[in-house]
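What follows is one structure encoded as structure tokens, with my remarks underneath.
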Amino acid sequence: MFFTNVYVVALLFAGLVTLLYVLLRGKYHLPPGPHPRLFVGNLYDIKPVRFRCFWEWSKIYGPIMSVWFGSTLNVVVSSSELAKEVLKDKDQQLAARNRTRAANLFSRNGQDLIWADYGPHYVKVRKVCTLELFTPKRLEALRPLREDEVSAMVESIFKDCGGKGGESKAIVLKKYLSAVTFNNITRIAFGKRFVDGDGNIDPQGVEFKDIIAQGMKLGACIKTPEFIPWIRWMFPLQKEEFLKHGMRRDNLTKLIMQEHTIARETSGETKQHFIDALLSLQKQHDLTDTHIIGLLWDMITAGMDTTAISVEWAMSELVRNPRVQQKAQEELDRVIGMENVAKEVDFSKLHYLQCVVKESLRLHPPTPLMLPHKATEDVKIGSYDVPKGTVVHVNVWAVARDPAVWKDPLAFRPERFLEEDVDIKGHDYRLLPFGAGRRVCPGAQLGLNLVELMLARLLHQFSWLPPDGMQAEDIDMTERAGVVTFMAKPLEVVAQPRLPAHLYTR
Ligand code: HEM
């Protein structure tokens with residue numbers, strides 16, 4: 001009897017979904033796309049590495065496509081003109097977010113920045129980010145901290161690779177990149193270094209890392225039901241788990257907030273870390289504790305893996321392209337010399353290195369589909385209708401490989417940026433690793449500084465080779481599926497120190 005009822009209900013909904021497709025297709029002139037199946041739309045035709053799959057499909061259906069995630073219409077654009085339309089001309093109508101149930105719980109219905117819909121709350125917290133957190137003055141004040149962390153990374157690679165004239169053991173670079181970005185972001189945002197000089201993590205740090213890991217586990221459990229709302233009742237979220245997780249996050253953050261408040265009151269000095277800035281500006285900007293906690297954790301979510309991944313992909317390209325590696329090193333040797341280490345103040349003279357960063361972010365943007373936007377009203381993109389509620393993706397990975405706008409697009413050739421100066425922070429719609437428009441990454445400059453500094457120090461202080469017995473061209477450049485694109489197989493490399501040994505201590 002139960003199964004008969006379920007069967008009837010399922011059939012009824014199948015009918016409704018079919019009706020929805022038919023009605024939408026009838027009422028609107030939707031972009032073309034693969035034929036949707038009953039219930040699931042195109043969900044099971046999408047390959048795990050989505051941006052590659054959408055790129056393949058764009059060759060069949062064109063630069064604007066409809067893709068049905070269950071009963072949710074998604075529109076994917078893959079050309080620079082259409083990217084401009086989404087992120088500039090129609091930016092305001094397309095600046096909302098599509099929150100899954102998990103994102104809703106994590107962000108307390110969008111009370112942070114990443115998951116906030118476009119509206120008064122978003123405008124308020126975005127203003128705090130622009131005017132208070134990511135200002136050139138604050139970034140400059142936090143510079144010594146970034147340089148210190150990158151020195152710690154170099155020291156630990158030097159020790160592990162066998163030192164100068166050592167045996168040249170291969171190392172897994174991701175381990176060092178994850179550590180440096182974790183320490184950097186926790187220090188910048190929370191004013192905390194949870195790890196001591198020997199790499200031992202304190203109890204607060206253990207709790208912090210556990211909260212991140214648990215958050216990732218909870219976030220990963222969402223699958224098909226997110227896209228087919230009417231089957232969600234069969235897949236309830238473990239709400240208690242989310243609540244417990246939220247509470248742990250709040251408790252730890254409030255404790256750290258308290259520590260900062262006491263230190264500020266005792267010393268009378270406000271530090272430059274984001275947490276101090278937010279606490280001292282809390283009243284002025286009408287921020288609740290929930291807003292502050294949301295903002296601080298957004299920095300971890302958005303700022304940690306993105307920077308580590310950017311450097312890992314860049315280093316893979318540099319090992320595969322010894323000519324580029326050598327040219328970057330020649331520039332570093334000329335500008336910095338062999339008796340100094342690179343600092344951020346040297347950036348303006350490291351033109352080729354800046355091109356290497358751009359070229360790597362062109363071919364390997366860490367978020368190839370950015371973060372999806374959502375239409376808050378009916379809007380036209382190209383000659384097609386995009387109904388209110390549609391989720392819109394810009395395939396920045398595909399745009400950056402489009403032969404219509406890039407010469408020899410698949411080649412790793414940083415020189416292209418010496419020949420033509422292309423903006424990377426959202427003003428040139430051919431190159432959009434940070435997005436563009438209202439929702440452009442607020443941490444773009446900080447991210448660039450971190451990536452450039454890590455690359456400058458890694459390249460100046462070491463030569464990088466594939467492990468013994470492996471050819472450079474055999475490095476596996478496959479991407480792992482996910483919103484943020486890690487290398488499927490973490491890069492293993494041999495690091496050979498190039499400078500005098502005393503330059504490798506923190
Ligand atoms: C190489 C490093 C980075 C890359 C490639 C990157 C890229 C992006 C992209 C593509 C978006 C989405 C834009 C959109 O929705 O249209 C974004 C959003 C965001 N990023 Fe970054 N990011 C990086 C580093 C950082 C850092 C270091 C921070 C802060 C510490 C940060 C904080 C944020 C925040 C808070 C958002 C949400 C903005 C919003 O929804 O309005 N990012 N980032």
Side-chain angles (χ1 to χ4, degrees), residues 51 77 83-84 86-88 90-91 94-99 103 107 110-119 121-130 133-134 138-139 142 145-146 149 177 180-182 184-190 273-275 277 291 294-314 357-358 360-374 391-397 399-400 424-426 429 431-455 483-485:
F51 55 92
V77 305
K84 179 164 177 260
V86 170
L87 300 171
K88 186 169 184 224
K90 313 284 164 59
D91 184 22
L94 297 171
R97 289 276 191 232
N98 184 45
R99 288 194 297 274
S107 67
Q111 289 198 63
D112 63 339
L113 177 74
I114 297 181
W115 295 111
D117 278 324
Y118 191 71
H121 165 75
Y122 179 80
V123 172
K124 179 169 84 178
V125 288
R126 181 78 198 203
K127 202 166 133 193
V128 171
C129 282
T130 314
L133 300 187
F134 294 99
R138 191 175 303 279
L139 293 192
L142 293 167
L145 177 163
R146 294 193 290 277
E149 286 306 334
L177 300 177
V180 67
T181 47
F182 177 77
N184 244 316
I185 302 294
T186 56
R187 280 179 82 179
I188 291 171
F190 287 79
H273 312 119
F274 289 1
I275 191 164
H291 297 152
L295 277 174
L296 289 173
W297 281 88
D298 274 1
M299 304 306 155
I300 302 290
T301 311
M304 222 166 64
D305 289 343
T306 44
T307 38
I309 286 173
S310 303
V311 178
E312 193 184 25
W313 281 112
V357 172
K358 281 188 182 175
S360 185
L361 285 170
R362 179 182 73 83
L363 285 174
H364 309 287
T367 48
L369 292 167
M370 303 192 328
L371 293 178
H373 292 205
K374 193 166 86 176
V391 180
V392 178
H393 310 254
V394 179
N395 192 344
V396 296
W397 184 90
V399 172
I424 196 172
K425 289 192 284 181
Y429 296 86
L431 185 63
L432 296 164
F434 298 101
R438 282 174 168 73
R439 292 213 87 126
V440 67
C441 172
Q445 190 56 56
L446 174 61
L448 281 171
N449 284 9
L450 283 168
V451 170
E452 209 167 321
L453 184 64
M454 284 192 253
L455 279 178
V483 176
V484 181
T485 303

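Counting starts at 1 for both ligands and their atoms, following the listed order.
Under the rule for a side-chain contact (heavy atoms from CB on, under 4.5 Å), the partners of Lys425 that lie at least two apart in sequence or sit in another chain are Asp423, Ala444, Gln445, Leu448. Scored by the side-chain hydrogen bond (donor to acceptor under 3.5 Å, both in side chains) test, Arg362 finds Glu359 as partners (sequence neighbours excluded).
Judged by distance alone, with hydrogens and angles left aside, the side-chain atoms of Asp112 form no donor-acceptor pair with the main-chain N or O of Leu295 at under 3.5 Å. Side-chain N or O atoms of Trp313 include one that pairs as donor or acceptor with a backbone N or O of Thr485 at under 3.5 Å.
Close N/O approach between His373 and ligand 1 is found [any backbone or side-chain N/O within under 3.5 Å]. Considering both main-chain and side-chain atoms, Arg439 comes within under 3.5 Å of ligand 1 through a nitrogen or oxygen pair.
For atom 37 (C) of ligand 1, the closest non-hydrogen atom on the protein side is Ile114 CG1, 3.7 Å. Nearest to atom 41 (O) of ligand 1 among the protein's heavy atoms is Tyr122 OH, 2.5 Å. Here the protein heavy atom with the shortest distance to atom 1 (C) of ligand 1 is Ser310 OG, 3.4 Å. Looking at atom 7 (C) of ligand 1, its nearest protein heavy atom turns out to be Pro433 O, 3.4 Å.
Using a 4.0 Å heavy-atom cutoff, Phe134 is listed among the residues neighbouring ligand 1. The closest approach between a heavy atom of Arg438 and any atom of ligand 1 is not below 4.0 Å.
Separation of the Phe190 and Trp297 ring centroids falls under the 6.0 Å cut-off.
Between the CD atom of Glu452 and the OG atom of Ser310 there is a distance of 12.0 Å, given to the nearest 0.5 Å.
Across Leu446, Ile300, Asn449, heavy-atom proximity to atom 30 (C) of ligand 1 is greatest for Leu446. Summarising the contacts of atom 15 (O) of ligand 1 with Arg126, Met299, Met370, Arg97, the nearest heavy atom is found in Arg97.
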Only distances under 3.5 Å count here; give the side-chain donor-acceptor pairs of residues 363-373 to other protein atoms, sequence neighbours excluded, each with its distance to 0.1 Å.
from, atom 1, to, atom 2, distance (Å)
His364, NE2, Glu317, OE2, 2.7
His373, ND1, Leu94, O, 2.9

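Close approach of ligand 1 to Pro366 is summarised as follows: ligand atoms under 4.0 Å from at least one heavy atom of the residue are 5 (C).
Smallest separation of non-hydrogen atoms from Lys374 and Asn98: CD-OD1, 3.9 Å. Residues Ala96 and Asp117 approach most closely at CB-OD1, 3.5 Å, considering heavy atoms. Thr181 and Leu177 get closest at one heavy-atom pair: OG1-O, 2.7 Å. For Ile114 against Asp298, the heavy-atom pair with the smallest separation is N-OD2, 2.9 Å.
The one candidate from Asn184, Ile309, Ile185 that meets the side chain to side chain contact (heavy atoms under 4.5 Å, CB included) condition with Met304 is Ile185.
Protein N/O/S atoms found under 2.8 Å from atom 21 (Fe) of ligand 1: Cys441 SG.
The residue Tyr118 has no part lying near ligand 1, judged by heavy-atom distances below 4.0 Å.
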